[in-house]
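Before any comments, here is the structure.
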Amino acid sequence: MDERIKTTNIALHPEPPFNFEFTAYSHGWVLLLPNHWDKEAKTLRRIERLSGGKVVLLSISSNTSPENPRIIIEVRHHETLSKMERNEIMASVRHMFRLDEDFQKFYALCDQRGDRWTKLSQGLGRLLRSPSLFEDIVKTICTTNIQWGGTKRMIEEFVNAYGEKFSGDPVMRAFPTPEAIAKTTLNTFSKKVRMGYRTAYVHLLAKQFANEEMNPNVFFDPEISTPDLKKKLLEIKGIGNYAAATLLMLLGRYNELPTDTVFREFVSKKYFKGKKVSDKKALAIYKKWGQWKYLAYWYELWEMYNEQQKEKSSSTHK
DNA sequence: GTCCAGGTCGCGC
DNA sequence: GCGCGACATGGA
């Protein structure tokens, strides 16, 4: 290991209930570069390029104490880490794990429903997100009209082609900056990263972020109503109804559901004995959850996934 | 080879 | 406001 690499540890103190592993592994994002999930160490690693240009390696883990939960960020870096850089890293990780989001009302609703829903108030429901909105939009675009394997491949090519390296690691790279994509031509970009027709959307998005035509702060403004926010999301090329609902979830608004193939198949299976249903009927199932629809849906989807995994392992161990 | 994926766009009506 | 074909790419 390079001796010039320094290590700085930073601790965060989430409000309980908080469950680090459930949050890290809450949906597919943990499996997309530049995230690396170390199963044994229960650690999320990723290269991060700070706004000042410094590239660092973050190893994010937890003490897993329910009473006094703590997130530990091990930062590997060159030279000294300035206070500003420390603060930026803390803010990014708080953002990823949604430490500033309040789930009390949702948990109260779950406890009120009783039964298996009470499990959620032990700290489930936080869905991992990326440090930047740009990363979350690119990734969401890359989940449309493609299977999960395709999403992983596209993001992998994207990160490996344009992400910055940390000199202490030969392989890992940061998520590309909008500037890095904006300064390459669409033609070159489309040859380096095979995203199909999505290439033009991602290239345009990068240009809009780079020239500040798109301001991420607008999307995080608590004052903006959810319908207005959805309208803004739909203005982005490549974002339709499904992607807007996904992005609303990532932005902390849970009242829209992504009516895609997964949602339709799931609701049909769970509530309509596998028969086809209209989106309207399917959506009606979650109406009672009000502003928490996405979290309720996601929990049930996760439940079914776990049951299927159990069945699989029990049938192979016979 | 054919079909289609955690859809979206742009067109014509 | 709705229906419908086109869209890149690779895996099933």
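Naming: A, B, ... by sequence-line order, numbering from 1 per chain.
Residues S92(A) and E48(A) have side chains that never bring a donor and an acceptor to within less than 3.5 angstrom of each other.
Note: CD (E265(A)) to C1' (dG7(B)) measures 16 Å, nearest angstrom. Between K152(A) atom NZ and dG11(C) atom P the separation is 12 Å, expressed in whole Å. Between the NZ atom of K139(A) and the C1' atom of dG6(B) there is a distance of 16 Å, given to the nearest Å.
Counting non-hydrogen atoms under 4.0 angstrom, G238(A) reaches the backbone sugars and phosphates but no base. Looking at heavy-atom distances under 4.0 Å, F263(A) makes no contact with the nucleic acid at all. The residue L257(A) sits apart from the nucleic acid: no heavy atom pair falls under 4.0 Å. Residue contacts shown for R153(A) are limited to sugar-phosphate atoms, with no base heavy atom under 4.0 Å away. Within 4.0 Å (heavy atoms only), Y297(A) reaches at least one base atom of the nucleic acid.
Comparing W298(A) and E235(A), the nucleotide of DNA chain B nearest to each residue sits closer to the 5' end for W298(A). Residue whose closest nucleotide on DNA chain B sits further toward the 5' end, between Y201(A) and L301(A): L301(A). Each of N145(A) and G150(A) has a nearest nucleotide on DNA chain C; the 5'-most of these lies closest to N145(A).
When the P atom is compared between dA8(C) and dC11(B), the two are found 15 Å apart, to the nearest whole Å. On the C1' atoms, dG10(C) is 14 Å away from dG1(B), given to the nearest whole Å. Taking the P atoms as reference points, dC3(B) lies 14 Å from dA6(C), given to the whole Å. Rounded to the nearest Å, the gap between the P atom of dG6(B) and that of dG10(B) is 24 Å.
Contact annotation: T261(A) reaches the phosphate of dG7(B) (side-chain N/O to OP1 or OP2, under 4.0 Å).
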